[in-house]
Amino acid sequence: MIVEERGAGAGTDVLIRKVDSHLAALRTGLHGPELELAERLAACLRELVRQTAQSSAADRGQVRAAVHFFVLRRESRGRLLSVRSLAAAQRVVNKVVVQLDRPDLIVETRRDLLV
């Protein structure tokens, strides 16, 4: 049992580091609403990783997939995500949030917040 707990903690740390390092890269190229969206997505993903660390393998798998979608999505010409990719990541993250019954973590765009 101790091995499982260490594995879960290590996996959690790895996912959070991936989110944080990707966000650091995004900070060099994004500004304004796009950067704000990336920051909100990263915060949501960090919280999901922490909250599902001891959950079922299916729940952890969904969160891991959302993290990888955010981190590895590359539709732009450069290293950084395009705005379209951030919107796609937002849809994926929000889908996972809803499936995990955590509507309090839904990531809204600035436009959604104004309505």
Hey, could you give me the CG/CG distance between N94 and L41, rounded to the nearest 0.5 Å? 7.5 Å

Gap separating the CG atom of L26 from the OG atom of S85, nearest 0.5 angstrom: 10.0 Å

Exam field: side chain Q90 to backbone V107, donor-acceptor pair closer than 3.5 Å: yes

Rounded distance [0.5 Å steps], CG in L100 versus CG in D59: 5.0 Å

State plainly whether the residues R27 and E39 are in salt-bridge range, i.e. N to O under 4.0 Å. yes

Tell me whether T52 contacts the main-chain N or O of S55 through its side chain, where contact means a donor paired with an acceptor under 3.5 Å. no

Looking only at non-hydrogen atoms, find the nearest pair between E34 and L86 and report the distance. O-CD1, 3.6 Å

Can you see which heavy atom on L30 is nearest to which on A38, and at what distance? CD1-CB, 4.3 Å

Check whether V14 and F70 end up in the same hydrophobic cluster, where Ile, Leu, Val, Met, Phe, Trp and Tyr are linked by side-chain heavy atoms less than 4.5 Å apart. no

Less than 4.5 Å apart, side chain to side chain, heavy atoms only: is that true for V19 and V49? no

Backbone N or O of E108 within a donor-acceptor pair of the R40 side chain at under 3.5 Å? yes

With rounding to the nearest 0.5 Å, note down the distance linking NZ in K18 to CG in L45. 12.5 Å

F69 vs V96 side-chain heavy atoms within contact, under 4.5 Å: no

For residues V98 and P103, determine if any side-chain heavy atom of one lies less than 4.5 Å from a side-chain heavy atom of the other. no

Roughly how far apart are D13 CG and R50 CZ, rounded to 0.5 Å? 10.0 Å

Would you please name every residue forming a side chain to side chain donor-acceptor pair (under 3.5 Å) with R46, sequence neighbours left out? D20

Pairing residues for D104 by the side chain to side chain donor-acceptor pair (under 3.5 Å) criterion, not counting sequence neighbours: R102

